[in-house]
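Shown next, in structure tokens, is the structure this report addresses.
By convention in this document, chain letters (A, B, ...) are assigned in the order of the sequence lines, proteins followed by strands, and residues within each chain are numbered from 1. Reckoned from all heavy atoms, side chains included, excluding hydrogens, waters and symmetry mates. Everything numeric here is computed off the predicted structure, so don't read it as measured data.
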There are 2 protein chains.
Amino acid sequence: MELKDKIAHSHEECTASAAAVRDALYVLSGKWKLPLIITLSAGPMRFKDIQRSLGDITPKILSKELQDLELNEFVLRKVLPTKPVTITYELTPYSGSLDKVLDELKNWGLQHRKKIKASIRRASAQG
Amino acid sequence: MELKDKIAHSHEECTASAAAVRDALYVLSGKWKLPLIITLSAGPMRFKDIQRSLGDITPKILSKELQDLELNEFVLRKVLPTKPVTITYELTPYSGSLDKVLDELKNWGLQHRKKIKASIRRASAQG
DNA sequence: CCGTATCCGTCATGATACTG
DNA sequence: CAGTATCATGACGGATACGG
């Protein structure tokens, strides 16, 4: 079955597909959301730990991204009654709904990278 | 199986996953690439037709997006020896490799929209 | 018709500094 | 530690106009 058979059945369905895909990409947009989710998949972490784990994200951006993910119910913010309070972030069960998407995206990314490398090799050989 | 079992096996694999996912999102990034692919899934089209079909994309942006997609071998540009020449754009077979990704993205986008609506209803009822 | 060139506004991201 | 505030910037998308 080809792409056009799966996606572009009619004008309306085509529009609907495009809208749904764009919804998804919108929610997952930005430089950090996916890396953040993948990082948190290791378990609950504190703000500073996440920051270190992601390398060079600034607190402002991290804060914003975490809030976004919280709003979309991918991430749960927990305040532990220690003294002073400890705050942790962890993935919600709902984040599991991204499993397939993430997996497909990962697989596709891997195979695409290989393909691009091969293309470049071919192009160089030709030139 | 949970997300953490599928994605974050080890530090290296976690990093690799994140990189692959970001590769994929990078290639598909921007406001128009997916809508463009979905539009072209109806068959070969000329520049002006695509422009009309996408609604309000400007020629500069469309040109750039088409070039990006050509580079990544999703789209083939054909120059037909009519007089004056006719130029068409069509999907390559390789674009079919996106089938699964697109499908998962579409499904996820649809279910997520439903969930968000339900959340808003719940929040309103509470407040 | 098929684009490219120029200019411009907006938004995402980031550096730095600061508060509780 | 866990953030917020302020300021800066650069990429992206778009409007308009023009060239082949």
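For A:Tyr89, a side-chain nitrogen or oxygen approaches OP1 or OP2 of D:dG3 to under 4.0 Å. Look at A:Arg46 and you'll find a side-chain N or O under 4.0 angstrom from OP1 or OP2 of D:dA2.
Residues passing the side chain to side chain donor-acceptor pair (under 3.5 Å) test with A:Glu104: none are found, sequence neighbours excluded. B:Asn107 pairs by the side chain to side chain donor-acceptor pair (under 3.5 Å) definition with nothing, not counting sequence neighbours. Checked against salt bridge (Lys or Arg N to Asp or Glu O under 4.0 Å), B:Glu90 has the following partners two or more places apart in sequence or in another chain: B:Lys78. Residues forming a side chain to side chain donor-acceptor pair (under 3.5 Å) with B:Thr58 (at least two apart in sequence, or on another chain): none. Residues meeting the side chain to side chain donor-acceptor pair (under 3.5 Å) test with A:Asp68, sequence neighbours left out: none. Residues satisfying the side-chain contact (heavy atoms from CB on, under 4.5 Å) test with A:Tyr94, not counting sequence neighbours, are A:Glu73, A:Phe74, A:Thr92, A:Ser97, B:Trp108, B:Gln111, B:His112, B:Lys115.
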Distances under 3.5 Å only, N/O to N/O: pair up the protein atoms with those of nucleotides 8-13 of chain D.
| from | atom 1 | to | atom 2 | distance (Å) |
| --- | --- | --- | --- | --- |
| D:dG13 | OP1 | B:Lys31 | N | 3.0 |

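Taking the 5' to 3' direction, DNA chain C first and last meets chain B under 4.0 angstrom from a heavy atom at C:dC1 to C:dC7.
Within the helix from C:dC1-D:dG20 to C:dG20-D:dC1, the inter-axis angle between the opening and closing five-pair segments is 30°, rounded to 10°.
Salt bridge status for B:Arg77 with B:Glu70: absent, with no side-chain N to carboxylate O gap under 4.0 Å.
When atom types are taken as modelled, the side chain of A:Ser53 and the backbone of A:Asp49 share no donor-acceptor pair closer than 3.5 angstrom. For A:Ser29 (side chain) and A:Tyr26 (main-chain N/O), a donor-acceptor pair under 3.5 Å exists by modelled atom type.
Applying the ring pair (Phe, Tyr, Trp, His ring centres under 6.0 Å) definition to pairs two or more places apart or across chains, none involves residues 32-64 of chain A. Pairs engaging residues 15-32 of chain A under the salt bridge (charged side-chain N to carboxylate O under 4.0 Å, His left out) rule: A:Asp23-B:Arg113 [sequence neighbours left out].
The only option from A:Leu69, A:Ile57, A:Leu91 that meets the side chain to side chain contact (heavy atoms under 4.5 Å, CB included) definition with A:Leu36 turns out to be A:Leu69.
Between A:Asp49 atom CG and D:dA2 atom P there is a gap of 7 Å when expressed in whole angstrom units.
Looking only at side-chain heavy atoms (C-beta outward), A:Tyr89 and A:Leu76 stay at 4.5 Å or farther from each other.
Proximity of residues 75-86 of chain A to DNA chain C (heavy atom under 4.0 angstrom from any strand atom) is not detected for any residue.
Residue A:Gln67 is classed as a sugar-phosphate contact, given heavy-atom separations below 4.0 Å to backbone atoms only.
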